[in-house]
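Down below is the structure, laid out as C-alpha cells.
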Amino acid sequence: MPDSENPVAADFIRTLIRKDNETNRFGGRVHTRFPPEPNGYLHIGHAKSIVLNFGIAEEFDGLCNLRFDDTNPSKEDTEYIESIIEDVHWLGYDWGNRLFHASDYFDQLYEYAVQLIKLGKAYVDDLSAEELRQQRGTLTEPGIESPYRNRSVSENLDLFQKMRSGEFPDGSRTLRAKIDMKSPNLNMRDPVMYRIKKESHPHTGDKWCIYPMYDYTHCVSDSIELITHSICTLEFEDHRPLYDWFLDQLNLYHPQQIEFARLNLSYTIMSKRKLLQLVKERYVSGWDDPRMPTISGLRRRGVTPESIRTFCDRIGVAKNDSTVDIALLEFCIREDLNKRAVRVMGVLNPLKVTLTNYPENQVEYMECINNPEDESMGTRLVPFCRELYIDYDDFREIPPSKFYRLSPGREVRLRYGYFIRCQEIVKDEKGNIIELRCTYDPETRGGFAPDGRKVQATIHWVSAQHALNAEVRLYDRLFNIPNPLGENENTQFTDFINPNSLTILQNCKVEPSLQSAKPTERFQFERVGYFCIDSRDSRPDCLVFNRTVTLKDIWAKIEASLNQKKS
RNA sequence: UGGGGGUUCGUCUAGUGGUAGGACAGCGGACUCUGAAUCCGUAUGCCGAGGUUCGAAUCCUCGACCCCCAGCCA
C-alpha cells in the first residue's frame with residue numbers, strides 16, 4: 001500500500017532499480033527481502049528497512065520475502081521470531097507464502113561447502129579462536145597463513161564430515177574459505193565459514209552441530225531466493241567482495257547488493273544489544289515498554305503504523321551517516337492522530353470547581369464534537385453539573401503576563417459548557433489551593449455568549465459526579481541528551497536516561513464516555529495530548545492511559561522563556 | 001601509517017554544468033470554543049583551497065574532517 005498521496009520517492013536505490021529495469025538486467029523482476037536476525041525485538045531502525053524493502057517491492061510490482069537470518073542458535077529465540085512476525089504484519093506488510101529461514105538452506109549450504117572444499121577453496125582449520133585472531137594480522141599488517149591451510153581435499157572432506165557428525169568439541173575446528181591472508185580487506189583473509197556449536201536450534205532442533213557464518217549464509221540465501229536487490233546497511237559494504245567471491249566460486253546467481261545508512265534517532269538508541277541491556281537491567285519494563293524505540297514499544301505507546309511508515313518515507317534513504325531529529329517522528333505521529341483520534345476531556349491534575357449559582361442536583365448533557373477534522377465522526381453528550389474538575393495548570397492565583405487561563409476574578413469558557421468566573425479560592429491549612437468557587441453565566445450554554453463578549457481562554461473539564469478515575473502514564477524521551485552514546489569516553493549511555501521519562505498520575509479524572517474504551521484505542525485529550533488505553537494493565541474499572549505524545553504547547557514555550565528571563 | 005564509504009540550512013533530504021528546493025525544528029503573523037489543527041510570511045546551507053568553463057554543489061587537482069572493518073556476532 002504505497003502512500004498514494006506522496007509522489008514516488010526518487011532515492012538512489014530506486015534510481016538504481018529503475019536503471020536495472022530499463023536495461024532488463026533481471027528480466028524486469030524486482031525481488032527484495034527483509035532479513036532480521038531473531039535475537040531481539042524490531043525497532044524503528046528496522047522499520048526503515050522494512051518500509052524500504054516492502055515498499056520497493058510494492059512500487060515495482062515485485063515481491064519481498066521475510067527471512068530469518070538464524071545462523072547463530074546461541075543468541076536466537078522463538079520469542080523473537082514471533083515478535084518479528086507480529087511487528088512486520090502490524091506495520092502493514094505481508095510476505096504471502098514467502099516466510100523463509102536461512103536455516104532452511106542448511107543442507108544446501110553444506111553441499112556448497114563440500115563443493116568449495118573439492119574445488120580447493122575451503123579447508124578445515126585446527127587453530128583456536130585465539131590463534132586465529134593473532135594470525136589475522138592488523139589493519140596495516142597482513143595476516144599469516146594457517147599451518148592447516150594446505151591440507152589435501154580428501155583430508156578436508158573427511159574432517160568436515162567429522163565436524164558435522166559431532167566428533168570434535170565446540171570451537172576446536174572451523175571451516176575456512178581459502179582466499180588471501182594478505183588482502184587489505186580483512187573480510188577476505190580466509191574467513192570462517194562454519195563453526196562447531198553443539199546447540200539446539202530454534203528451527204532445526206538438534207539436526208546440526210555445525211553452523212554456517214553469516215557472511216557465507218547470507219549471500220547464498222539471497223542467491224537461492226533469486227533476490228534481485230539485496231538492500232543492507234553501510235557496514236556490509238566491504239563484505240560485498242566476499243559475497244561475490246562465494247557466488248563466483250560456486251557459479252551462482254548474483255543479486256545486486258545496495259547499501260544505505262541505518263537510522264539513528266536523537267534522544268534514543270538503536271543498538272539491539274543496548275536495548276537488551278535496558279530490559280535486562282530493568283531500566284524499562286520490557287521490550288514493549290512505551291519508552292523503547294521498538295515497534296512493540298511504539299505500538300503500546302499508541303503510535304500508529306501509518307505514522308511510522310510516513311516517517312520512514314519522509315526521512316529518505318541515502319548513504320550519509322545521519323541522526324534524524326525525533327521531533328520529526330513526533331510530528332508524523334501528531335499529524336496522523338489529529339486526523340483519526342476521538343477528542344475527549346480528561347483532567348490530569350484535578351482541581352475542584354464548584355459553580356455556586358448552579359442548581360444543586362441539576363445535570364445537563366452537553367453536545368461535544370468528536371473530531372473537528374472529520375465531521376463523520378459525529379458528536380457525543382457529556383454530563384455537566386455543579387461540581388467539576390479542571391486541571392491545576394489552568395488556574396493561577398497570580399497569573400503571569402500572557403497567561404490567559406483562569407485566575408481570580410477572570411472569566412473563561414468551559415469547553416462546550418458555560419462561561420465561568422472565579423470568585424473565591426479555597427485553601428487547606430497548608431495554603432494549598434483545594435477548590436475554586438466560581439459563578440457561571442446561564443446565558444452562555446454550550447459556550448456561546450449571546451452578547452458577543454469574548455474570553456481569552458477555553459479550558460477543559462469533567463463533571464465530578466460522573467468522572468471516571470484513571471491512571472495516566474506520561475511518557476517522555478528516554479534520554480535527556482540527543483546522543484547518549486557519543487558524550488565522551490567516561491560516560492555510559494545509561495548515565496543519560498531521563499529520570500522523568502515516565503511520570504505516573506494515579507488520580508486523573510476522565511469523561512464517562514471513556515468507560516467503553518478498548519485496549520489500544522487512541523484519543524486526544526483536548527488541549528493536552530494523545531493517549532491510548534494501555535494494552536497490558538488497563539481494566540474497565542481502572543483505566544490506564546499512556547500518553548503517546550503531547551499536543552504542541554505554545555504556552556509551555558512562553559512560560560519557559562519567562563522563567564529563563566527571571567533566572 | 002591498509003581497505004571501504006561519506007561531507008548541501010540546526011536536523012533529514014533533493015538537485016548530476018544554467019535562479020540551491022522541500023520537510024521537520026526555529027522565528028513572526030492571521031485565524032480559532034483545543035495556546036491544537038489550519039493558513040501566511042521569514043532567517044539560516046553547498047567541508048576547504050586551487051583549477052576547467054561564459055557559467056561549478058555538480059567536472060579536475062590537492063587537502064581537511066567523519067563513519068565502518070582486526071567475532072568461531074549479524
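- Listed nucleotides: B:rG5, B:rA74, B:rG35. Nearest to the side chain of A:N72: B:rA74.
- Residue-to-nucleotide proximity on RNA chain B shows that, of A:E373 and A:I315, the 5′-proximal contact is made by A:I315.
- Looking at the side chain of A:T140, the nearest of the listed nucleotides B:rA36, B:rU1, B:rA25 is B:rU1.
- As rounded to the nearest Å, B:rC59 and B:rC66 have P atoms that lie 24 Å from one another.
- Using a 4.0 Å heavy-atom distance criterion, A:R413 is classed as a base contact.
- Looking at heavy-atom distances under 4.0 Å, A:V317 makes contact with sugar-phosphate atoms alone, never a base.
- Between A:N320 and B:rC12 there is no side-chain N or O to OP1 or OP2 distance below 4.0 Å.
- Of the C1' atoms belonging to B:rG4 and B:rG45, the separation is 28 Å, rounded to the nearest Å.
- If you take CG of A:D374 and P of B:rA36, they are 21 Å apart, rounded to a whole angstrom.
- Taking atom CD of residue A:E235 and atom C1' of nucleotide B:rC73, one finds them 12 Å apart after rounding to whole Å.
- Of all nucleotides present, none satisfies the Watson-Crick or G-U wobble test against B:rC31 with each distance under 3.5 Å.
- Residue A:D11 contributes atom CG, which lies 17 Å from atom P of B:rC12 at whole-angstrom precision.
- Note that A:R164 lies in the cation-pi zone of A:Y110, set by a 6.0 Å cut-off to the ring centre and a 45° limit from the axis.
- Here A:R334 does not reach the OP1 or OP2 of B:rU34: none of its side-chain N or O atoms lies under 4.0 Å away.
- Note on A:R240: nothing from the nucleic acid sits closer than 4.0 angstrom, heavy atoms only.
- Nucleic acid contact for A:Y216: none, since no nucleic acid atom lies under 4.0 Å from a heavy atom of the residue.
- Counting only heavy atoms from C-beta outward, the side chains of A:H43 and A:I295 never approach each other to under 4.5 Å.
- As rounded to whole Å, 11 Å separates atom P of B:rG35 from atom CD1 of A:I554.
- Pair check for B:rG2 finds B:rC69; Watson-Crick or G-U wobble, both atom distances under 3.5 Å.
- What separates CG of A:D238 from C1' of B:rG6 is a distance of 14 Å, to the nearest Å.
- A:Y404 comes within 4.0 angstrom of a base, heavy atoms only.
- When each of B:rC27, B:rU34, B:rC12 is scored by its nearest atom to the side-chain atoms of A:T458, the top-ranked nucleotide is B:rU34.
- Note that A:R176 lies outside the cation-pi zone of A:Y123, set by a 6.0 Å cut-off to the ring centre and a 45° limit from the axis.
- Counting non-hydrogen atoms under 4.0 angstrom, A:Q524 reaches a base of the nucleic acid.
- Between B:rG50 and B:rA56, the two C1' atoms lie 14 Å apart (nearest whole Å).
- Among the heavy atoms of the strands lying under 4.0 Å from A:K402 is at least one base atom, whether or not backbone atoms are also near.
- Using a 4.0 Å heavy-atom criterion, one finds that A:T323 contacts the sugar-phosphate atoms exclusively.
- Side-chain proximity of A:I558 to the nucleotides B:rG35, B:rA25, B:rA74 is greatest for B:rG35.
- Remark: the separation of the P atoms in B:rG71 and B:rG10 is 39 Å, to the nearest Å.
- Using a 4.0 Å heavy-atom criterion, one finds that A:A129 contacts the bases of the nucleic acid, with or without backbone contacts as well.
- Using atom C1' as the reference point in both B:rC12 and B:rU44, the two lie 15 Å apart (nearest Å).
- In this structure, A:R477 forms a cation-pi arrangement with A:Y267, its terminal cationic atom sitting closer than 6.0 Å to the ring centre and no more than 45° off the ring axis.
- Checking B:rG17 for Watson-Crick or G-U wobble geometry (two distances, each under 3.5 Å) identifies no partner in any strand.
- Across B:rC31 and B:rC39, the matching C1' atoms stand 8 Å from one another, rounded to whole Å.
- Atom-to-atom, CG of A:D325 to C1' of B:rU11 comes out at 6 Å; the value is rounded to the nearest Å.
- Of the two residues contacting RNA chain B, namely A:D321 and A:D126, the nearest-nucleotide position lying further toward the 5' end is that of A:D321.
- Remark: the separation of the P atoms in B:rU8 and B:rU53 is 29 Å, to the nearest Å.
- Contact annotation for A:L414: no contact, since no heavy-atom pair falls under 4.0 Å across all strands.
- Closest approach to the A:R133 side chain among B:rU7, B:rG71, B:rC72 is made by B:rG71 (side chain taken as heavy atoms from C-beta onward).
- Taking the six-membered ring for Trp, A:Y214 and A:F236 have ring centres closer than 6.0 Å.
- In this structure, A:S271 contributes its side chain and A:K274 its backbone to a donor-acceptor pair below 3.5 Å.
- The side chain of A:N185 lies closest to B:rG3 when the candidates are B:rG3, B:rC73, B:rG5.
- Heavy atoms of A:Y416 sit under 4.0 angstrom from at least one base atom.
- Residues A:D170 and A:K198 are not paired through a salt bridge, judged by the lack of any N-O separation under 4.0 Å between the basic side chain and the carboxylate.
- Contacts of A:R405 with the nucleic acid, taken as non-hydrogen atoms under 4.0 Å apart, include base atoms.
- Nucleic acid contact class of A:P372 (heavy atoms, under 4.0 Å, all strands): base.
- Proximity of A:F479 to A:I269: side-chain heavy atoms (C-beta onward) are separated by under 4.5 Å at one or more points.
- Atoms CG (A:D244) and P (B:rG4) sit 15 Å apart, rounded to a whole Å.
- As a whole-Å value, the separation of A:L139 CG from B:rC68 C1' is 11 Å.
- Among the atoms of the strands shown, base atoms are found under 4.0 Å from some heavy atom of A:F236.
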